[in-house]
Amino acid sequence: MGLVAALILGVLVLYLIAYPILTNDEIENIDYQQRIKSFEEAGNFVDRDVILAEISELELDYHLDNLSEEKYRDFKERLEELLAEKEN
Amino acid sequence: MADVGSISLMMSFVVIIYSIIAYIVGLKQQNKRLVKSAQNGVLANTILVTVASLSLLYLLATSDFSIEYVAQYTNRTLPMIYKLSAFWAGNTGSLLLWFWVLSIYGAIVAFSKNPVGAKLKPYASVVMLLIGLFFSLLLNFDTSPFAPLGFVAQDGAGLNPMLQNIGMVIHPLTQFLGYVGLAVPFAYLMADLFLGEKGASWIKVTRRWVLFTWLFLTIGMVSGGEWAYVELGWGGYWAWDPVENASLMPWLTVTAFMHSVMIQEKQGTFKIWNVLLMAASFLLTIVGTFITRSGILASVHAFAEGRTGFYFLIFMFIIVVVTLFLFFKRFKSLRSESSTESLISKESSFLINNILMVVISVVVLWGTFYPLISEAIYGVQITVGEGFFNQTTIPFWIAMVILMGLCPLLPWRKSSTKGLKKKFGVPLFLSHIFGFVLFFIGIRDFYPVVTFAASFFVLVTIVQEFWQGVRARKSNTGEGVIRALLNLVGANRRRYGGFIIHIAVIMMVVGITGSSAYQEEVLVTAERGEVIETKNYEMTYNGLQVAEDPHSAVVYAEMDVYRNGNFYATLRPAQEYFGASAEQDSSAQVDFKSGIREDLYIILSGWDESGDTATFEVVVNPLVSWIFWGMRLMVIGTAIALWPDRGHYSRMLLKERYSVSKEVS
């Protein structure tokens, strides 16, 4: 019982922690331009939580120097506008 | 199943270490993949600790007496709910509960979508993991809930009868949700100090979290009092016991924090104070856990017997050192942007209110640890009783009640005499009248009269505030009174939710004052059929009955109670006996009838062999139900204050952008 549980849990844990490292570069190279454009086109159909998650992701990328100051400001302003539209 | 629990805990230990390293390296090398891996590590840890916790619940539910913890705290006849609640009946289980709740909160932080202060998130996650590492170390290498007994016992020792009460299912859970919840604002605070964010971001991210935590601290504390009232059978609900004090101290500092944080949000002042308050609050939760888990307050010798207390001491030392290091490192940037202009202003009154709460907290801390200090210095434990705590804290409590009426209505910066008259003229006048009325109807003790009058003052200020708001809405929008009231609260939930919380506090203050100043208690022996008279009650003792089930035997007395000549209730105070060793395992099951004015509370203290004669302790507790109803109202008020406004995140982001541009300029 213990061994089987250890095996299952071990595989699950390894999957969780290894996935972001081994996966292709979709984690590091997010095309914000494209994604925000699709949100803008979708208008009211975009969920508020999706926009919130996108801003969080953007913040992380900016903090990790994956984005220029200019791009960060542009993307964030656009996302904030979308959020304001959604919330009000 | 014990194997599964042990393995999960060990894997959790490894995963925590991995996640901490991955976060640190990822952030340092700006490697997003590693950061994301660490984030998933937090989730993996939550899953593992959940598996461990479910394993323990399974072992308890199935009465697996090959496990020491199960054999120590349950037995075969224990009802299922108490078998499960035995999870937190002992030291090890409580630590696992701490760890479980912490791991869930850790995952909430790591995967939070809140875009405000988002860059603090990974750093806060590291702090949460470091706290988790301490509990993981304890559970893996010091005291495991899955430790084998060495043989399979026929039956377990059973749960302490006093813990076999629904209050003991609710109280520890809510208390832990509150205690552990403070780890989140503390983690964000550490992240903020580490990044040199000038002490502003963490406040924004954790504002609602602190309120949520405070709610559970309040429920935990009051439900503990309710349990003591219902179960312990001494007629009271608060005894200034070290464990009770341990829950009161962080509650006070968090309450102070929730008020002073408003000043920081509004004026940018109190940053240093808020940092210290939050650090102290978190530290006090660890002190609380330390007090209950180390046995140190029973005696320093009890502390020396186990190592858990010693590890807690080291942990607290590390928290203090790290916090002070970061605090002094960022001290300059934490200095206030403006200063207080006038003594009669909202910020000044909040400061005084804060000082009062901290003073009470320090007094309680001193009183709680005094037996230990006296034992260390004089070699003799000098216990500090209720008298010390009451005499030293009551004047501060009364001052706090008065401030509760003043603070919300005082204007920012400074106030004019005209403005003060307009705001406080009517409440002051009415509360004085109320005080005189109390005096004339016979309530003449100084502290109760002042407290009731001060509570009335607060109530009038709040009603006035609601009325002025409703009147303004009515004239502006043409709405009816009810709609205007609902819209008023809906438009500013934080403010009006806060007022409702204040009304709840007033209810509790009134209940505490009435029940402690005017409690009446008689010890009386009655024969079957005899009528006992006390105050306006007549109670007829109808004899003893016995009820048995496989779990326990209950001996109860039946009493018909009349109030002012009219039938009021039938009460059945009892003694309940558990298990085979009936003589040792018994607990008083008090019975009481609760009312708005007072509670009639009866304890069956003893009886002769035939049951023809029995001794009762009859207690009349005025206004005690106000305390527990106050708690319920407090939940409603907090829910209103917590309910997100429309446009919540947009506004927060806008404020964040504004403060960043202000800093840049």
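First the proteins, then the strands, lettered A, B, ... as listed; each starts at 1. All values below come from the heavy atoms of this structure, side chains included, with hydrogens, waters and symmetry mates left out.
More than 12 heavy-atom neighbours from other residues, nucleotides or ligands sit within 6.0 angstrom of OH on A:Y72.
The greatest number of non-hydrogen atom pairs below 4.5 Å with chain B, out of A:L58, A:N66, A:D61, is found for A:D61. Considering only heavy-atom pairs separated by less than 4.5 Å from chain A, the leading option among B:D3, B:I7, B:N40 is B:N40. Of all the listed residues (A:L79, A:V13, A:V4), the one sharing the greatest number of non-hydrogen pairs under 4.5 Å with chain B is A:V13. The candidate with the highest count of non-hydrogen atom pairs below 4.5 Å against chain B, out of A:A18, A:A53, A:G10, is A:A53.
The aromatic ring centroids of A:H63 and B:Y123 lie less than 6.0 Å from each other. Residues B:F13 and B:F141 place their aromatic rings such that the two centres sit under 6.0 Å apart. Ring centers of B:W209 and B:Y105: under 6.0 Å apart, within the cut-off.
Remark: the backbone N or O of B:V42 is paired with a side-chain donor or acceptor of B:T46 at under 3.5 angstrom.
Proximity to chain A is limited to the backbone of B:N114, based on heavy atoms less than 4.5 angstrom apart. Only the side chain of A:L12 comes within less than 4.5 Å of a heavy atom in chain B; its backbone stays farther off. Heavy-atom distances place the side chain of B:V35, and not its backbone, under 4.5 Å from chain A. For a residue to count as touching a neighbouring chain, one of its non-hydrogen atoms must lie under 4.5 Å from one of that chain's; by this rule B:V14 does not touch chain A. At a 4.5 Å heavy-atom cutoff, the contact between B:Y18 and chain A is made by side-chain atoms alone. Within the 4.5 angstrom heavy-atom criterion, no atom of B:S19 approaches chain A. With a 4.5 angstrom heavy-atom cutoff, A:L83 touches chain B via backbone and side-chain atoms both.
The salt bridge (Lys or Arg N to Asp or Glu O under 4.0 Å) with A:E57 is formed by just one residue from the set B:K121, B:K32, B:K119; it is B:K32.
There is no side-chain donor-acceptor pair under 3.5 Å between A:E54 and A:Y32. For B:N45 and B:S12, the side-chain atoms include at least one donor-acceptor pair closer than 3.5 Å.
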